[in-house]
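Data block below; observations after.
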Amino acid sequence: MKRRVVVTGLGCVTPLGSDVDTVWKRLLNGESAVDYITRFDASSFPTKIAAEVKNWDLSEVGEDPKRWANQGLHTQFAVGASKKAVADAGIMDLSFDPLRFGVYTGSGEGQQDFLDFAQMMMAGIRGGELKGKEFELTEFIRQGLKEFNAEAEIEQSPNMPAAHLAAMFNAQGPNSNCLTACAASVQAVGEATEIIRRGDADIMLTGGTHSMIHPMGVMGFNLLTALSTDNDVPQEASRPFDRTRHGFVLGEGSVMCVLEEYEHAKKRGAKIYGEIAGYGSTADAFRITDTHPEGRGAISCIQMALNDAGANPDEVDYINAHGTSTVVNDKVETLAIKQVFGERAYKIPVSSTKSMIGHMIAAAGASEMMYCLLAMRDNMVPPTINYNNPDPLCDLDYVPNVCRQVNCNCCLTNSFGFGGQNVSILVKKV
């Protein structure tokens, strides 16, 4: 019999704040964190807006920001969220075997030093001009060896947040990172759950962290035509399931949680947010940037999560949708929900918190699972804001614009990433 896994700690650093209850309150109020980009000059980009983490640094959790100056934002966000989650769970007050405490992150890559890279390119071009060439690689490399910081460069690796967290909390057990695009952090939660279920750990620190609000990130998503270019009123640009939607808004940040084996948590009298009851993971095996038009991967992973939990579709009280605000995703996700839940799909509240907090990419799924846990705690579900123009192909109950009281005992969260990655997690009250 597989061991049960519960959530005993939550922590976050998000565009809507870095306190779990503050973020939750703002979501229920329908507040948007989307505004004009301030981290760099985006005036020449088709997209000039994002949901940034503002007015925050590591001093909030007792860390010296100078100590982390060479670490990327993905690591800094993860450290902040993890210190909060671990404190919330109270696990550092325990006497535990460090080999039974692991880390599993869904982390994106670090940020490239764009300005130093530009200087390298200029050095290569100038060197080429002097030698009658288009580009001189030797000068490019010489400039890089002169300007780049070795410690900062190693921080480009997506596994570095997990490495720092292991050292910070003396977590000597399993340590992994996955980067399955927009599904990464909720996949990390699912895989961390499996580690505890099979008995390889008793405690896992898991979740996600990412920031792509930098010139390369925005440029890449603009080239993919995935981002909204509705710059005039930033707070209205992300409008999942609305007929006028045409792209998502980048967010950033980190959400981390502490998972524990149920009996371990129960024995110490831990506060329990809910149980990770079901986990499903599939691939579309279709196209890199397009969801299969029949939603086959999404349908399979939702069904897999239900089966893993031994749950009947009638038990699901709320769905936190992937809901990116792109034309294809929202249409196909709606189709998948209807295929799995049948006529009951029309009775289940479905909302997209990306309408307020943006798309946190690798960190998105863990944040949305956290909102499911809080929905069960408070019996309230957040709205999909900016929903004003119904789409006949998206005809479910998207909790338009205003939060709602709902008796939540079982919630589903979906994450569907580029590359055809699909993950669903089912959480239940204990």
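In this text, all values refer to a predicted model and were calculated from it rather than measured experimentally.
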Is the distance between the ring centroids of Phe135 and Phe140 under 6.0 Å? yes
For His359 and His322, I'd like to know if the aromatic rings sit close, meaning centre-to-centre distance below 6.0 Å. yes
Do [X] and [Y] meet the criterion of a side-chain donor-acceptor pair at a distance under 3.5 Å?
{"X": "Gln235", "Y": "Glu31", "result": "no"}
{"X": "Tyr36", "Y": "Asn231", "result": "no"}
{"X": "His214", "Y": "Glu252", "result": "no"}
{"X": "Gln71", "Y": "Glu155", "result": "yes"}
{"X": "Tyr398", "Y": "Thr334", "result": "yes"}
{"X": "Asn329", "Y": "Thr326", "result": "no"}

Any donor and acceptor pair, going by atom type alone, linking the side chain of [X] with main-chain N or O of [Y] inside 3.5 Å?
{"X": "Thr384", "Y": "Ser352", "answer": "yes"}
{"X": "Ser157", "Y": "Ile154", "answer": "no"}
{"X": "Asp330", "Y": "Phe241", "answer": "yes"}
{"X": "Ser351", "Y": "Pro382", "answer": "yes"}
{"X": "Ser254", "Y": "Gly208", "answer": "yes"}
{"X": "Lys428", "Y": "Ala277", "answer": "no"}
{"X": "Arg245", "Y": "Arg239", "answer": "no"}
{"X": "Asp88", "Y": "Leu10", "answer": "yes"}
{"X": "Arg26", "Y": "Ala33", "answer": "no"}
{"X": "Lys429", "Y": "Met376", "answer": "yes"}

Of all the heavy-atom pairs spanning [X] and [Y], show the shortest one and how long it is.
{"X": "Ala336", "Y": "Ala298", "answer": "CB-CB, 3.7 Å"}
{"X": "Cys257", "Y": "Val189", "answer": "SG-CG2, 4.3 Å"}
{"X": "Pro161", "Y": "Thr75", "answer": "CG-OG1, 3.4 Å"}
{"X": "Leu165", "Y": "Ala78", "answer": "CD2-O, 3.9 Å"}
{"X": "Val13", "Y": "Gly80", "answer": "CG2-C, 4.1 Å"}
{"X": "Pro15", "Y": "Val53", "answer": "N-CG2, 3.8 Å"}

side-chain hydrogen bond (donor to acceptor under 3.5 Å, both in side chains), that's the test. Do Glu52 and Thr38 meet it? Break it down for me. CA-CA 8 Å; Glu52 297 176 320; Thr38 63; 2.6 Å; yes
Show your reasoning for whether side-chain hydrogen bond (donor to acceptor under 3.5 Å, both in side chains) applies to Ser281 and Gln187. CA-CA 7 Å; Ser281 176; Gln187 184 142 35; 2.9 Å; yes
Heavy-atom check, side chain of [X] versus side chain of [Y], under 4.5 Å:
{"X": "Val255", "Y": "Ser185", "result": "no"}
{"X": "Ile195", "Y": "Leu259", "result": "no"}
{"X": "Asn386", "Y": "Asp242", "result": "no"}
{"X": "Tyr104", "Y": "Asn177", "result": "no"}
{"X": "Phe341", "Y": "Ile319", "result": "yes"}
{"X": "Leu130", "Y": "Glu136", "result": "no"}
{"X": "Gln143", "Y": "Phe148", "result": "no"}
{"X": "Ser355", "Y": "Pro240", "result": "yes"}

Measuring from atom [atom1] of [X] to atom [atom2] of [Y], what distance do you get when rounded to the nearest 0.5 angstrom?
{"X": "Ser238", "Y": "Ile357", "atom1": "OG", "atom2": "CD1", "value": "11.0 Å"}
{"X": "Glu236", "Y": "Asp230", "atom1": "CD", "atom2": "CG", "value": "9.0 Å"}
{"X": "Phe221", "Y": "Ile213", "atom1": "CZ", "atom2": "CD1", "value": "10.5 Å"}
{"X": "Cys408", "Y": "Asp378", "atom1": "SG", "atom2": "CG", "value": "9.5 Å"}
{"X": "Cys394", "Y": "Tyr387", "atom1": "SG", "atom2": "OH", "value": "7.5 Å"}
{"X": "Met369", "Y": "Leu374", "atom1": "CE", "atom2": "CG", "value": "10.0 Å"}

Check this for me: [X], atom [atom1], are more than 12 non-hydrogen atoms of other residues, nucleotides or ligands nearer than 6.0 Å?
{"X": "Asn55", "atom1": "CG", "result": "no"}
{"X": "Glu294", "atom1": "CD", "result": "no"}
{"X": "Leu393", "atom1": "CG", "result": "yes"}

Would Ile49 and Thr47 count as a side-chain contact (heavy atoms from CB on, under 4.5 Å) if you check the C-alpha gap in whole Å, the side-chain angles of each, and the deciding distance to 0.1 Å? CA-CA 6 Å; Ile49 58 175; Thr47 294; 4.1 Å; yes
Using 4.0 Å as the upper bound for N to carboxylate O, is an ion pair formed by [Y] and [X]?
{"X": "Arg126", "Y": "Glu129", "answer": "no"}
{"X": "Arg404", "Y": "Asp397", "answer": "yes"}
{"X": "Asp391", "Y": "Lys331", "answer": "no"}
{"X": "Asp19", "Y": "Lys25", "answer": "no"}

Please lay out, stage by stage, how Arg296 and Thr282 fare under the test side-chain contact (heavy atoms from CB on, under 4.5 Å). CA-CA 9 Å; Arg296 65 186 183 192; Thr282 66; over 6 Å; no
Could you go through the side-chain contact (heavy atoms from CB on, under 4.5 Å) check for Ile91 and Phe169 one step at a time? CA-CA 10 Å; Ile91 56 173; Phe169 300 112; over 6 Å; no
Residues Tyr279, Glu191; criterion side-chain contact (heavy atoms from CB on, under 4.5 Å); working and verdict: CA-CA 9 Å; Tyr279 166 48; Glu191 293 301 319; 2.5 Å; yes
